Amino acid sequence: MSEPVIGIDLGTSNSVVAVVEGDRAVVIPDKEGRRIHPSVVSFVAADRIIVGAEAKKLMTLDPQNTVSSVKRLIGRNFFAKEVKVAQETFPFGIVQGADNTPHIAVRTGTYAIPEICSHILRHLKGIAEDYLGRSLTKAVITVPANFTDTQRKATQLAGELSGLEVSRIINEPTAAALAYGFGRDLDTRLAVYDFGGGTFDITVLDVEGSIFHVLSTAGDSYLGGDDFDNRLVNYMVMAFRQRHDFDLTNDIKALQRLKAIAEKVKCELSHRPKVAVQVQELVNGPEGPIDLSFSITRDGFNQKCQDIVQRTFAVCDEALRAGGISADQVAEVILVGGSTKVPIVREMVE
């Protein structure tokens with residue numbers, strides 16, 4: 001039997017690995033049954049690197065040495081504005097590499113972004129090998145549609161460093177359209193609205209049976225769910241300053257705790273009209289530990305984050321113009337990515 005080729009969605013926040021069994025694709029679980037794996041790498045010691053769900057637990061305990069969301073930096077020049085933004089918001093060090101690319105500085109040394117990503121890919125490869133009971137060497141990896149050639153090559157390099165032969169690099173929206181339409185004998189025009197943790201893409205395709213023809217695509221590789229989280233963190237920092245006259249902006253561990261809280265609040269607001277949180281001993285003040293009390297309504301969240309969603313529609317307009325298409329010529333919209341679970345995103349897309 002020929003060796004299976006695994007499919008990997010190397011995401012900003014989370015990653016997924018899948019394989020075709022028979023005539024269907026199966027998203028592969030790890031030994032604990034998890035099918036979604038955080039794209040997080042923690043450098044605990046020179047001989048110990050933790051990846052995935054266990055590494056995510058260390059984001060608040062050891063933020064300077066636990067690396068996340070690096071897909072936002074892959075294939076970029078160190079002097080790019082996106083890297084400067086990351087230096088101001090990421091808790092770990094971002095330094096200039098010899099090739100003028102950003103490198104991550106942690107306790108065990110400095111690493112190029114493809115090296116960091118290779119640990120995530122190696123982790124996914126191991127999950128797939130445990131599931132299938134055999135060694136694997138080949139993979140297809142998806143990337144944002146507007147990734148540059150440099151970003152695609154950096155992703156391929158990450159695959160090679162992980163021990164994988166990358167058979168193909170496929171655009172994420174195209175992969176989503178294939179997953180949606182393959183074998184359904186469709187005759188329609190689709191728009192794939194792909195809003196993930198760190199990137200946004202829109203692709204318009206004509207589907208006729210087994211033929212998928214891309215008409216246009218556009219994207220922003222520094223726009224995603226992380227921006228919702230950061231907006232909530234900024235709001236909590238401002239509220240804390242107003243209530244306690246204490247500035248949290250230089251406390252890395254406190255900010256990482258707030259980032260984790262912000263992600264949970266964002267998710268809970270998808271199901272509840274209001275969320276309240278109480279954080280014990282967020283920081284030590286002049287007179288002892290200070291707690292955080294914070295609440296926000298879904299309407300309040302919508303008001304604070306509406307402009308982030310609005311940015312996606314400027315990209316949509318760009319794709320429509322590039323294809324000479326009007327919105328009423330698109331029959332269906334496929335929502336892809338974790339950020340499309342946020343109610344305001346669905347409402348504004350509709």
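Along the sequence shown, the residues carry numbers beginning at 1. Since the model is a prediction, treat every value here as computed from it, not as a measurement.
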Legend entry - Distance (rounded to the nearest 0.5 Å) between L10 CG and L124 CG: 7.5 Å
Legend entry - Any donor-acceptor N or O pair under 3.5 Å, side chains R35, N14: no
Legend entry - Enclosure of Q278 CD (heavy-atom neighbours >12, cutoff 6.0 Å): yes
Legend entry - Student check: side-chain heavy atoms of S221 and E82 closer than 4.5 Å: no
Inset, instruction - Any chance you could measure E263, atom CD, to L232, atom CG, to the nearest 0.5 Å? - result: 11.0 Å
Inset, instruction - Report the distance from atom CE of M236 to atom CG of L292, rounding to the nearest 0.5 Å. - result: 7.0 Å
Inset, instruction - Hey, could you give me the NE2/CD distance between H103 and E115, rounded to the nearest 0.5 Å? - result: 6.5 Å
Legend entry - Lys/Arg cation over aromatic F78: K84, 6.0 Å, 45° cone: yes
Legend entry - Any side-chain heavy-atom pair of L164 and I8 under 4.5 Å: yes
Legend entry - Partner of V309 under side-chain contact (heavy atoms from CB on, under 4.5 Å), chosen from V345, V342, N302, L223: V345
Inset, instruction - Check step by step if side-chain hydrogen bond (donor to acceptor under 3.5 Å, both in side chains) holds for T101 and D99. - result: CA-CA 5 Å; T101 62; D99 51 358; 2.6 Å; yes
Inset, instruction - Compare all side-chain heavy atoms of N171 with those of R152 and state whether any distance is below 4.5 angstrom. - result: yes
Inset, instruction - Can you establish whether the number of heavy atoms outside R168 located under 6.0 Å from its atom CZ is more than 12? - result: no
Legend entry - Backbone N/O of I94 and side chain of Q87: donor-acceptor pair under 3.5 Å: yes
Legend entry - L132 atom CG, over 12 foreign heavy atoms within 6.0 Å: yes
Inset, instruction - Determine whether the aromatic ring centres of F301 and F228 lie less than 6.0 Å apart. - result: yes
Inset, instruction - Give a yes or no on whether E208 atom CD has more than 12 heavy-atom contacts from other residues, nucleotides or ligands under 6.0 Å away. - result: no
Legend entry - Salt bridge present between K125 and E129 (N-O < 4.0 angstrom): yes
Legend entry - Spatial distance of atom CG (L73) from atom CD1 (I116) [nearest 0.5 Å]: 10.0 Å
Legend entry - Exam field: side chain T217 to backbone I202, donor-acceptor pair closer than 3.5 Å: yes
Legend entry - Polar side-chain atom of K138 near backbone of S167 as donor-acceptor pair, under 3.5 Å: no
Inset, instruction - Quick one: closest heavy-atom pair of H37 and R34, and the distance? - result: CE1-O, 2.9 Å
Inset, instruction - Taking the side chain as every heavy atom from C-beta outward, state whether V20 and P4 have any pair of such atoms under 4.5 Å apart. - result: no
Inset, instruction - Using distance alone, with no hydrogens and no angle criterion, decide if Q256 and T60 have a side-chain donor and acceptor under 3.5 Å apart. - result: no
Legend entry - Flag, side chain of T12 to backbone of K71, donor-acceptor distance under 3.5 Å: no
Inset, instruction - Say whether Q96 and N100, considering side chains only, have a donor N or O and an acceptor N or O under 3.5 Å apart. - result: yes
Inset, instruction - Measure from the side-chain N and O atoms of R298 to the backbone N and O of L269, and report whether any donor-acceptor pair falls under 3.5 Å. - result: yes
Legend entry - Backbone of V275 reached by a side-chain donor or acceptor of S295 within 3.5 Å: no
Legend entry - Donor-acceptor contact below 3.5 Å, side chain D201 vs main chain A145: yes
Legend entry - D226 and T89, any side-chain heavy atoms less than 4.5 Å apart: no
Legend entry - Close side-chain approach of R189 to I325, heavy-atom, < 4.5 Å: yes
Inset, instruction - Count the heavy atoms of every other residue, nucleotide or ligand shown that sit under 6.0 Å from CG of D245, and state whether that count exceeds 12. - result: no
Inset, instruction - Would you mind telling me which of N146, T203, L178 makes a side-chain contact (heavy atoms from CB on, under 4.5 Å) with P173? - result: T203
Legend entry - Under 3.5 Å donor-acceptor, E3 side chain and T137 backbone: yes
Legend entry - Parallel, tilted or perpendicular: rings of Y193 and F195 (30°, 60°): perpendicular
Legend entry - Test log, rule salt bridge (Lys or Arg N to Asp or Glu O under 4.0 Å), inputs E54 and K57: CA-CA 5 Å; E54 297 305 312; K57 297 176 183 178; 3.3 Å; yes
Legend entry - Residue among T150, D149, T155 satisfying side chain to side chain donor-acceptor pair (under 3.5 Å) with K153: D149
Legend entry - F90 with F79, same ILVMFWY side-chain cluster at under 4.5 Å: yes
Inset, instruction - Would you check if I113 and I104 make a side-chain contact, meaning some heavy-atom pair closer than 4.5 Å? - result: yes
Inset, instruction - Examine L282 and F246 and state if one hydrophobic cluster contains both, with Ile, Leu, Val, Met, Phe, Trp and Tyr joined whenever side-chain heavy atoms are less than 4.5 Å apart. - result: yes
Inset, instruction - For the residue pair T249 and D247, confirm or rule out a side-chain donor-acceptor distance under 3.5 Å. - result: yes
Legend entry - Shortest non-hydrogen separation from V83 to N77 and the atoms involved: CG2-O, 3.3 Å
Legend entry - Interatomic spacing from CZ in R311 to CG in D220 - rounded to 0.5 Å: 5.0 Å
Inset, instruction - With the side chain counted from C-beta on, respond yes when R243 and S293 share a heavy-atom pair under 4.5 Å apart, and no when they do not. - result: yes
Legend entry - D227 bridged to R72 by N-O distance under 4.0 Å: yes
Inset, instruction - Return yes if some donor-acceptor pair links the side-chain N/O of T66 with the main-chain N/O of D62 below 3.5 Å, else return no. - result: yes
Inset, instruction - Flag yes if more than 12 heavy atoms outside F182 fall under 6.0 Å of its CZ atom; otherwise flag no. - result: no
Legend entry - R107 side-chain N/O to F43 backbone N/O, donor-acceptor pair under 3.5 Å: yes
Inset, instruction - Please indicate whether K253 has more than 12 foreign heavy atoms, meaning atoms of other residues, nucleotides or ligands, lying under 6.0 Å from its NZ. - result: no
